[in-house]
Amino acid sequence: MCHDQWLVKENISQLRLLMSDQNLQLLPDYEQRIHVLQDLDFIDESSRVQLKGKVACEIHSADELVLTELILDNVLAAYEPAEIVALLSAFVFQEKTDTVPTLTGNLDRGMKTIITISEKVNERQTFHQVILSADDSNDFVSRPRFGLMEVVYEWARGMSFKNITDLTDVLEGTIVRVITRLDETCREVKNAARIIGDPELFTKMQTCQEMIKRDITAVASLYM
């Protein structure tokens, strides 16, 4: 009898929690985010996950909405592997730098494309009043996102670590960390290419990983 009484009390507590303001306070934000995903075709009107949504589920190391749009718009097909990793560096680098990178025409066009896509995503989030934290922000304009593009591009092309550090004022440890995270991002884009059935992108991303995993960035510890 005591056990039955305890079960009833627990059930009452659970029901009160479900009806409480504390449980409902995040519901508007949840619904706003759902509307954003529907507008961008990540899910349909019945909240069923679409191809974009499946691709976004593979992205964990970068902004999944912007990067998924970049992949599904077939933007990366126009770039060589070294250029792709340089563009992807914008998704993992967010630290302050006073150095203005020297970019090729292709990289400059790619940078503008990323900004255009991020502004489209931001417009939908602003329209539906989705509030993002500083860590979740996909602002590619006012935040320092493209500061290591030249460094990563030259690294992928075979320049030594000593020489690429002369191209920027960013600390060496930060450069290593960005390149290490880029390897993870490349792996996620490769998985996305497998899902959408794009063997050319899959092969390019494998090449990207091979190009950046060398020298100091391939060592397990900097103290070794």
Side-chain angles (χ1 to χ4, degrees), residues 59-71 73 75-122 132-189 204-205 207-224:
I59 310 299
H60 306 288
S61 63
D63 185 282
E64 61 274 10
L65 298 185
V66 178
L67 187 49
T68 297
E69 293 284 348
L70 197 74
I71 296 169
D73 285 352
V75 172
L76 301 178
Y79 298 93
E80 295 301 317
E83 295 171 331
I84 291 175
V85 289
L87 293 173
L88 292 181
S89 70
F91 289 88
V92 298
F93 177 70
Q94 299 185 37
E95 297 192 22
K96 180 176 173 55
T97 174
D98 295 322
T99 304
V100 179
T102 302
L103 304 179
T104 64
N106 261 1
L107 290 180
D108 188 60
R109 283 192 295 274
M111 180 180 71
K112 291 175 180 176
T113 302
I114 292 174
I115 291 174
T116 300
I117 292 174
S118 69
E119 287 177 340
K120 181 182 78 170
V121 172
N122 283 335
L132 299 175
S133 66
D135 292 336
D136 294 331
S137 175
N138 51 28
D139 186 355
F140 283 79
V141 179
S142 61
R143 303 187 72 181
R145 295 296 196 109
F146 301 99
L148 278 188
M149 282 183 65
E150 181 186 9
V151 169
V152 173
Y153 178 62
E154 295 298 343
W155 173 257
R157 295 176 68 201
M159 184 179 286
S160 69
F161 190 81
K162 179 182 181 301
N163 288 337
I164 67 168
T165 56
D166 295 333
L167 300 175
T168 181
D169 58 357
V170 175
L171 296 176
E172 295 177 1
T174 300
I175 296 174
V176 173
R177 189 162 59 249
V178 166
I179 294 175
T180 303
R181 286 189 61 193
L182 262 177
D183 178 57
E184 177 67 14
T185 303
C186 288
R187 184 187 63 79
E188 292 169 356
V189 176
K204 278 187 175 182
M205 298 319 299
T207 304
C208 287
Q209 286 185 284
E210 292 167 2
M211 294 172 82
I212 62 175
K213 287 176 66 175
R214 61 180 179 85
D215 201 7
I216 191 172
T217 61
V219 176
S221 171
L222 292 180
Y223 298 101
M224 291 180 63

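Of all heavy-atom pairs between Ile212 and Trp155, the closest is O-NE1, 3.1 Å. In this structure, Cys186 and Leu88 approach most closely via the heavy-atom pair SG-CD1, 4.2 Å. The heavy-atom pair separating Ile59 from Ala62 by the smallest distance is CG2-O, 3.7 Å.
Thr113 pairs by the side-chain hydrogen bond (donor to acceptor under 3.5 Å, both in side chains) definition with nothing, not counting sequence neighbours. In terms of the side-chain hydrogen bond (donor to acceptor under 3.5 Å, both in side chains) criterion, residue partners of Ser160 (sequence neighbours excluded) are, by chain and number, Asn163. Legend: residues meeting salt bridge (Lys or Arg N to Asp or Glu O under 4.0 Å) with Arg187, ordered by chain and number and at least two apart, are Glu184. The salt bridge (Lys or Arg N to Asp or Glu O under 4.0 Å) search around Glu95 returns Arg177, not counting sequence neighbours. Under the side-chain hydrogen bond (donor to acceptor under 3.5 Å, both in side chains) criterion, Glu150 pairs with no residue, sequence neighbours left out. For the side-chain hydrogen bond (donor to acceptor under 3.5 Å, both in side chains) test, residues two or more places apart in sequence or in another chain that qualify with Glu83 are Asn106. The salt bridge (Lys or Arg N to Asp or Glu O under 4.0 Å) check on Asp108 picks up Lys112, with sequence neighbours excluded. In this structure, the side-chain contact (heavy atoms from CB on, under 4.5 Å) partners of Ser89, at least two apart in sequence or on a different chain, are Met149, Val152, Leu182. Under the side-chain contact (heavy atoms from CB on, under 4.5 Å) criterion, Thr165 pairs with Phe161, Glu172, Ile175, sequence neighbours left out.
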Kindly indicate, with the supporting measurements, whether the criterion side-chain contact (heavy atoms from CB on, under 4.5 Å) is fulfilled by Lys204 and Leu76.
CA-CA 9 Å; Lys204 278 187 175 182; Leu76 301 178; over 6 Å; no
Could you walk me through whether Thr168 and Thr97 pass the side-chain contact (heavy atoms from CB on, under 4.5 Å) test, one step at a time?
CA-CA 8 Å; Thr168 181; Thr97 174; 4.0 Å; yes
Determine whether Met205 and Ile84 satisfy the following criterion, side-chain contact (heavy atoms from CB on, under 4.5 Å), listing intermediate values before the conclusion.
CA-CA 8 Å; Met205 298 319 299; Ile84 291 175; 4.0 Å; yes
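With contacts defined as side-chain heavy-atom distances shorter than 4.5 Å, the pair Arg145/Asp63 does not qualify. Counting heavy atoms from C-beta outward, Thr185 and Leu67 have side chains that approach closer than 4.5 Å. Between Val85 and Ile179, the closest side-chain pair of non-hydrogen atoms is not below 4.5 Å.
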Quiz: residues 98-105 side-chain donor-acceptor pairs under 3.5 angstrom, not counting sequence neighbours:
unit_1: Thr99; atom_1: OG1; unit_2: Asp169; atom_2: N; d: 3.2
unit_1: Thr99; atom_1: OG1; unit_2: Asp169; atom_2: OD1; d: 3.3
unit_1: Thr104; atom_1: OG1; unit_2: Leu107; atom_2: N; d: 3.3

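Residue pairs meeting the ring-ring contact (aromatic ring centres under 6.0 Å, His included) criterion with at least one partner in residues 80-109, sequence neighbours excluded, are Phe91-Phe140.
Counting only distance, with no hydrogens or angles, the side chain of Glu188 and the backbone of His60 share a donor-acceptor pair below 3.5 Å. Side-chain N or O atoms of Arg181 include one that pairs as donor or acceptor with a backbone N or O of Ser61 at under 3.5 Å.
A distance of 10.5 Å separates OG1 of Thr68 from CG of Asp73, quoted to the nearest 0.5 Å. Rounded to the nearest 0.5 Å, atoms OG1 (Thr116) and CD (Glu69) are 12.0 Å apart.
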